[in-house]
Amino acid sequence: MTRVVLEHVYKYYSSEVPAVRDFNIEIADKEFVVLVGPSGCGKSTTLRMIAGLEDISEGSLFIGDRLVNDVPPKDRDIAMVFQNYALYPHMTVYDNLAFGLKLRKFSKQEIQNRVERASKILGIGELLQRKPKALSGGQQQRVAVGRAIVRNPQVFLFDEPLSNLDAKLRVQMRTEISKLHQKLQTTMIYVTHDQVEAMTMGDRIVVMKDGIIQQVDTPLNLYNKPQNKFVAGFIGSPSMNLLEGRIHQNGGLWFEEGGLKVKVPQKHESTLSRYVDKQVVFGIRPEDIHENDTPILLEEKATTQLSVEVIEPMGNESYLYATTGSNSIIARLGAELSTGSGEAIDLVINMSKAHFFEKDSEKFII
């Protein structure tokens, strides 16, 4: 059983603010966990500490049941796939795959068996005699993954492996890596700044900001139950609309911001009653805003009229940017819109999907 456990892990590059702060997680055997967050949040530093490429300033790291804080990278039984592929340009694909095994004194037959197995899994058998310069970006990435597979490690580490690929290849390769996880049934830890990659690949996702874990959860729970304003805004594409406004009481509770005034669902009134006449943050996802004539049944809804700023046609849908007076709001609507820029549009907000956050602490209220 190969679990990975980080207990109260810190990383200091100076005596001031830590790059990673009090990082705690238990990654189960065979689990696929994704670390996600904006640039500089500490996700790659955390991965490099697991790999042994960065020292741990404080805390404990276990791989399996072994404390590995002071164990060299080569003895941790992990394999890492880097962002830049790190292939040897003067070697063939076969030799790139075999190089690490040769250093470990494996027999020629064992090396051949492992290389053939990896190349079959990744569909690169016909590339074995080529050199990296003769390969496309996607092929080079497969070779980099293959070099990790031949080692049969306890844990795979991926550090933004798809960031150098074009959009189409990224979609293809993230599917390939997910299939690979199903085939190999090995613990995998994957770092990305792309929340779409995180949502589509991870069994669980660790959302980070400023070196601190914001939330660890399944993709659906992150999407439906964000614990704070940062997670709500980071997860989802386009991101959640987050509007600062005030709760008023007038025959029920209302949220008001600029030209937007919506009634709080009755089931949430008791929770939000302590915020009457206080500033809160109202969150609604673009896909939970509809055109007024959309034939959709909603238990709790609010109708509002807003001014259209920009419409982005996406083919199968359109992104509509409207202004509430103080802020812009994004709606994810149907492909064909009769409204144009500068015109008014009636929109229906599905208030059963609304979220509210505290303004100062940014913590989840509802």
Side-chain angles (χ1 to χ4, degrees), residues 1-4 27 29-34 44 47-48 50-53 63-64 66 68 71-165 169 172-192 201:
M1 176 176 171
T2 308
R3 60 180 190 144
V4 177
I27 300 170
D29 181 40
K30 303 176 183 177
E31 190 175 17
F32 194 129
V33 167
V34 180
S44 289
L47 195 76
R48 290 173 65 83
I50 297 171
L53 303 176
I63 297 179
R66 183 171 61 142
V68 297
V71 175
K74 65 184 180 64
D75 298 325
R76 294 193 179 192
D77 201 9
I78 54 93
M80 190 162 179
V81 179
F82 295 92
Q83 179 179 351
N84 62 357
Y85 316 140
L87 303 178
Y88 297 107
H90 62 287
M91 293 184 182
T92 64
V93 169
Y94 184 96
D95 289 335
N96 265 284
L97 295 175
F99 184 71
L101 302 178
K102 289 177 181 177
L103 291 179
R104 289 168 174 78
K105 309 297 184 183
F106 282 87
S107 68
K108 286 187 177 180
Q109 187 59 52
E110 177 66 13
I111 290 173
Q112 183 177 338
N113 290 343
R114 290 194 180 201
V115 170
E116 288 179 353
R117 172 177 174 266
S119 61
K120 184 177 180 181
I121 289 172
L122 295 167
I124 56 174
E126 73 280 3
L127 307 177
L128 292 178
Q129 298 311 311
R130 295 190 193 178
K131 291 185 177 179
K133 66 180 180 181
L135 305 178
S136 68
Q139 290 169 334
Q140 290 185 52
Q141 186 60 73
R142 282 188 170 85
V143 176
V145 173
R147 193 169 53 187
I149 291 175
V150 296
R151 294 184 54 190
N152 292 337
Q154 292 188 73
V155 181
F156 282 90
L157 306 178
F158 294 88
D159 189 9
E160 303 202 37
L162 309 184
S163 59
N164 290 334
L165 302 179
L169 265 179
Q172 181 182 343
M173 281 304 300
R174 76 183 185 219
T175 303
E176 294 298 325
I177 291 174
S178 295
K179 289 179 182 177
L180 182 66
H181 177 246
Q182 294 172 9
K183 286 181 183 177
L184 299 180
Q185 290 293 294
T186 307
T187 307
M188 291 186 176
I189 306 172
Y190 188 103
V191 161
T192 181
M201 298 175 73

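The first residue of the sequence shown is numbered 1, and numbering continues consecutively from there.
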_Using a 3.5 Å distance criterion without hydrogens, assess whether the side chain of Arg147 forms a donor-acceptor pair with backbone atoms of Ala86._
yes
*Can you find a pair of side-chain heavy atoms, one from Val34 and one from Thr192, that are under 4.5 Å apart?*
yes
*Output yes when a side-chain donor or acceptor of Arg117 lies under 3.5 Å from a complementary backbone atom of Val150, and no otherwise.*
no
*Atom of Leu87, atom of Pro132 and distance for their closest heavy-atom approach*: CB-CG, 4.0 Å
*Closest contact, heavy atoms only, Pro73 versus Ile78*: O-CG1, 4.4 Å
*Lys102, NZ: over 12 other non-hydrogen atoms inside 6.0 angstrom*: yes
*Mind listing the closest non-hydrogen atom pair of Leu162 and Met173 along with its distance?*
CD2-CB, 3.6 Å
*Return yes if some donor-acceptor pair links the side-chain N/O of His181 with the main-chain N/O of Lys30 below 3.5 Å, else return no.*
yes
*Would you confirm whether Asp29, through its side chain, and Arg3, through its main-chain N or O, come within 3.5 Å as a donor-acceptor pair?*
no
_Donor-acceptor contact below 3.5 Å, side chain Arg76 vs main chain Val68_ = yes
_I want to check something: taking the side chain as every heavy atom from C-beta on, are Arg142 and Leu135 in contact at a cut-off of under 4.5 Å?_
no
*Under the ring pair (Phe, Tyr, Trp, His ring centres under 6.0 Å) test, which residues partner Phe158, sequence neighbours left out?*
Tyr190
*In sequence, state the C-alpha distance, the side-chain angles, and the governing distance for Glu116 and Lys120, and then conclude on salt bridge (Lys or Arg N to Asp or Glu O under 4.0 Å).*
CA-CA 6 Å; Glu116 288 179 353; Lys120 184 177 180 181; over 6 Å; no
*asked:* Ignoring hydrogens, what is the shortest heavy-atom contact between Ala148 and Pro153? Give both atom names and the distance.
replied: O-CD, 3.4 Å
*Check: Ser136 main-chain N/O paired with Gln139 side-chain donor or acceptor under 3.5 Å*: yes
*Given side chains that start at C-beta, do those of Phe32 and Ile177 come closer than 4.5 Å, heavy atoms only?*
yes
*For the residue pair Leu180 and Phe156, establish whether any side-chain heavy-atom pair is separated by less than 4.5 Å.*
no
*asked:* I need the minimum non-hydrogen distance between Leu128 and Ser119, along with the two atoms involved.
replied: CD2-CB, 4.1 Å
*Do we see a donor-acceptor contact under 3.5 Å between the side chains of Gln172 and Glu176?*
no
_Sub-4.5 Å side-chain heavy-atom contact between Gln141 and Leu169_ = no
*State, to 0.1 Å, how close Val191 and Ser44 come at their nearest heavy-atom pair, and which atoms those are.*
CG1-OG, 3.7 Å
_Asp159 bridged to Arg48 by N-O distance under 4.0 Å_ = no
_Close side-chain approach of Ile189 to Val155, heavy-atom, < 4.5 Å_ = yes
